[in-house]
**Student:** 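First the structure, which I've put down as structure tokens, then a few questions once you've had a look.
Quick caveat: nothing in here was measured; it's all calculated off a predicted structure. Each chain gets a letter, A, B and so on, in the order its sequence line appears, and its residues count up from 1.
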Number of protein chains: 2
Amino acid sequence: MLSKKTKYGLKALTFIARSEDDMPVQVGKIAKSEQIPQKFLEGILLTLRKAGILGSKKGKHGGYYLRSEPSEIKMTDVMRVLEGPIAMVPCVSLNYYEKCDDCPDETLCSVHRLMVEVRDSTLNVFRNTTLADLSSVD
Amino acid sequence: MLSKKTKYGLKALTFIARSEDDMPVQVGKIAKSEQIPQKFLEGILLTLRKAGILGSKKGKHGGYYLRSEPSEIKMTDVMRVLEGPIAMVPCVSLNYYEKCDDCPDETLCSVHRLMVEVRDSTLNVFRNTTLADLSSVD
DNA sequence: TATTAATCCTATCAATTTAGTAGGGATTAC
DNA sequence: GTAATCCCTACTAAATTGATAGGATTAATA
């Protein structure tokens with residue numbers, strides 16, 4: 001299951017991308033419009049800022065803004081920040097590889113085989129999708 | 001993350017598929033060979049039997065066997081039984097569709113868009129992979 | 001028929017994760 | 001200086017996961 005954190009995060013990014021002018025967008029506005037608990041959303045946007053995807057401005061008239069063009073923000077990055085590793089098992093993770101304790105030979109492991117395929121196909125989607133795709137109004 | 005249940009289930013199915021003769025295979029044998037807690041595995045195989053993927057024979061010399069040829073056992077079915085719906089959100093699930101409470105228009109929802117793509121690509125893998133693929137020794 | 005070896009079934013449990021709440025500190029525009 | 005806003009930490013309830021425990025049922029065989 002996709003976590004609420006990721007779901008909310010994606011919706012928030014989309015909301016920001018869709019707000020045309022480049023004024024920072026306030027958490028409160030996003031929370032209200034997208035029906036997300038504000039305090040929860042605060043934490044999520046903070047994570048996205050620390051990961052370099054969002055920038056922020058404090059104080060009155062502050063808020064969050066995109067650090068790059070929507071078309072430059074890849075889902076691989078967003079998903080890794082929000083949801084964690086894309087692979088379903090550490091032994092097929094590109095960025096967080098870990099050998100299984102059991103499993104003497106990965107080439108013979110059926111789980112490994114299947115999960116490599118799933119990882120590659122999911123990765124293919126995320127690599128070819130940007131925030132611009134998510135937020136277009138087609 | 002892939003659950004242990006699914007991981008163990010896949011390994012067990014592979015083990016059974018690889019045991020050439022068509023004698024039933026005992027839980028204890030699988031558990032020992034694959035390093036899976038036996039009692040835990042019992043429950044998993046029971047689930048697979050109730051789903052019609054495995055058959056069982058009770059009593060002495062009993063055990064579990066495949067109900068179909070490995071090449072006929074699709075990962076779509078196995079994964080749905082072990083891991084649940086393939087879609088990451090109910091609003092894109094083919095078999096367990098549920099509308100989101102929020103989200104007035106799915107066609108405009110960025111999460112929906114992205115998750116449809118992920119579902120389709122994952123489904124594509126599972127539809128084209130059978131237990132025979134997992135258990136071959138190539 | 002008694003024994004043994006299996007599956008089958010239910011209940012329980014500890015650890016972890018998730019989703020959210022609470023309270024306030026720090027910063028900036030006006 | 002005050003209001004609005006992001007920033008940070010700590011806490012909590014509920015659900016899920018990954019088991020474990022104990023035994024009931026069934027079947028082969030000596």
Side-chain angles (χ1 to χ4, degrees), chain A residues 1-12 16 19 23-32 34-67 81-85 88-90 100-102 111, chain B residues 1-12 16 19 23-32 34-67 81-85 88-90 100-102 111:
Chain A
M1 274 283 289
L2 195 74
S3 66
K4 294 275 187 180
K5 181 179 174 185
T6 301
K7 183 181 173 185
Y8 294 161
L10 288 172
K11 287 198 160 198
I16 297 172
S19 76
M23 300 288 292
V25 182
Q26 290 82 40
V27 177
K29 288 236 179 76
I30 305 171
K32 197 178 172 194
E34 300 295 325
Q35 312 199 55
I36 302 169
Q38 176 158 349
K39 278 290 193 177
F40 193 21
L41 184 56
E42 277 186 24
I44 296 168
L45 297 190
L46 219 41
T47 306
L48 287 166
R49 197 217 58 191
K50 285 177 181 165
I53 293 169
L54 289 178
S56 68
K57 188 161 178 296
K58 282 188 184 176
K60 203 165 186 176
H61 300 161
Y64 289 94
Y65 53 89
L66 301 174
R67 292 281 299 273
V81 168
L82 292 173
E83 192 75 5
M88 294 184 79
V89 281
C100 295
D101 292 341
D102 42 331
V111 177
Chain B
M1 274 284 289
L2 195 74
S3 66
K4 294 276 185 181
K5 181 178 176 186
T6 302
K7 184 182 173 185
Y8 294 161
L10 288 171
K11 287 197 161 199
I16 297 172
S19 76
M23 299 288 291
V25 182
Q26 290 81 41
V27 176
K29 290 237 177 75
I30 305 172
K32 198 178 171 195
E34 300 295 326
Q35 312 199 58
I36 302 171
Q38 175 158 350
K39 278 288 191 178
F40 193 19
L41 185 55
E42 276 185 23
I44 296 168
L45 297 189
L46 219 40
T47 305
L48 288 166
R49 197 218 57 192
K50 286 178 181 165
I53 292 169
L54 289 177
S56 68
K57 187 162 178 296
K58 281 190 184 176
K60 205 166 185 175
H61 300 161
Y64 288 93
Y65 53 89
L66 301 175
R67 291 280 300 273
V81 168
L82 292 173
E83 192 74 4
M88 294 185 79
V89 280
C100 293
D101 293 341
D102 42 331
V111 177

**Student:** Examine dA6(C): is either OP1 or OP2 under 4.0 Å from a nitrogen or oxygen in the side chain of Tyr65(B)? Give yes or no.
**Tutor:**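 So the side-chain polar atoms of Tyr65(B) never come under 4.0 Å of the phosphate oxygens OP1 or OP2 of dA6(C).
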
**Student:** If you pin Pro37(A) and Gly28(B) to their nearest nucleotides in DNA chain C, which one's is more 5'?
**Tutor:**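 Between the two, 5'-proximity favours Gly28(B).
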
**Student:** Go through residues 44-52 of chain A and report each residue with a non-hydrogen atom lying under 4.0 Å from DNA chain C, sorted by number.
**Tutor:**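 None - not one residue of the stretch has a heavy atom sitting under 4.0 Å from the strand.
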
**Student:** Rounded to the nearest 0.5 Å, what's the gap from OH on Tyr8(B) to CG on Leu2(B)? Could you check?
**Tutor:**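 Nearest 0.5 Å value for the OH-CG distance: 11.0 Å.
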
**Student:** What is the minimum heavy-atom distance between Leu10(B) and Leu82(B), and which atoms define it?
**Tutor:**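 Closest approach of Leu10(B) to Leu82(B): N-CD1, 4.1 Å.
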
**Student:** Can you measure from NZ (Lys4(B)) to CD1 (Ile36(B)) and round to the nearest 0.5 angstrom?
**Tutor:**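 With rounding to 0.5 Å, NZ (Lys4(B)) is 10.0 Å from CD1 (Ile36(B)).
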
**Student:** Which atoms form the tightest heavy-atom contact between Pro24(A) and Gly62(A), and what is the distance?
**Tutor:**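 Heavy atoms only, the tightest pair is CB-C, 3.9 Å.
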
**Student:** Under 3.5 Å, side-chain donor or acceptor atoms of residues 43-50 of chain A against the rest of the protein: list the pairs with distances, not counting sequence neighbours.
**Tutor:**
residue: Thr47(A); atom: OG1; partner: Gly43(A); partner atom: O; Å: 2.9

**Student:** Rounded to the nearest 0.5 Å, what's the gap from OG on Ser19(B) to CD1 on Ile30(B)? Could you check?
**Tutor:**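 Rounded to the nearest 0.5 Å, the OG-CD1 separation comes to 8.0 Å.
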
**Student:** Take the protein atom CD of Gln26(B) and the nucleotide atom C1' of dA5(C), then report the distance between them rounded to whole Å.
**Tutor:**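 Value for this atom pair: 9 Å.
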
**Student:** So, taking the atom named CD in Glu83(A) and the one named NZ in Lys5(A), what distance separates them when rounded to the nearest 0.5 Å?
**Tutor:**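 Nearest 0.5 Å value for the CD-NZ distance: 8.5 Å.
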
**Student:** With a non-hydrogen cut-off below 4.0 angstrom, is Gly43(B) in contact with a base, only sugar-phosphate, or nothing?
**Tutor:**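 Touches nothing.
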
**Student:** Can you sort out the partners of Lys29(B) under side chain to side chain donor-acceptor pair (under 3.5 Å), two or more places apart, ordered by chain and number?
**Tutor:**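 Lys29(B) satisfies side chain to side chain donor-acceptor pair (under 3.5 Å) with Gln26(B) once adjacent residues are dropped.
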
**Student:** Under the side-chain contact (heavy atoms from CB on, under 4.5 Å) rule, what do Arg67(A) and Ile53(A) come out as? Steps first, then yes or no, please.
**Tutor:** CA-CA 6 Å; Arg67(A) 292 281 299 273; Ile53(A) 293 169; over 6 Å; no

**Student:** Give the rounded distance in Å between these two atoms: CD of Gln38(A) and C1' of dA19(C).
**Tutor:**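 About 16 Å, once rounded to whole Å.
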
**Student:** Whole Å only: how far is the CG atom of Leu41(A) from the P atom of dA22(C)?
**Tutor:**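 Taking CG of Leu41(A) and P of dA22(C), I get 17 Å after rounding.
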
**Student:** Using a 4.0 Å cut-off on protein heavy atoms (strictly under), produce a 5'-to-3' string for nucleotides 24-30 of chain C with B for base contact, S for backbone-only sugar-phosphate contact, and - for none.
**Tutor:** B--BBBS

**Student:** For Val89(B) and Met1(A), what are the C-alpha separation, side-chain angles and deciding distance, and is it a side-chain contact (heavy atoms from CB on, under 4.5 Å)?
**Tutor:** CA-CA 6 Å; Val89(B) 280; Met1(A) 274 283 289; 5.6 Å; no

**Student:** Ignoring hydrogens, what is the shortest heavy-atom contact between Leu41(B) and Ala31(B)? Give both atom names and the distance.
**Tutor:**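 Nearest pair, atom of Leu41(B) first, then Ala31(B): CD2-N, 3.8 Å.
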
**Student:** Hey, where on DNA chain D does chain B first and last touch, going 5' to 3'? Cut-off is any atom under 4.0 Å from a heavy atom.
**Tutor:**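 Nucleotide range with atoms under 4.0 Å of chain B: dG18(D) to dT29(D).
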
**Student:** Polar atoms only, N or O, under 3.5 Å: list the protein pairs with nucleotides 12-16 of chain C and their distances.
**Tutor:**
none

**Student:** Working to the nearest 0.5 angstrom, can you tell me the gap between Ser56(A) OG and Tyr65(A) OH?
**Tutor:**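 So the OG of Ser56(A) and the OH of Tyr65(A) are separated by 6.0 Å.
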
**Student:** Measure the NZ-CG distance between Lys11(A) and Asp102(B) for me, rounded to the nearest 0.5 Å.
**Tutor:**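 Reported to 0.5 Å precision, the distance equals 4.0 Å.
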
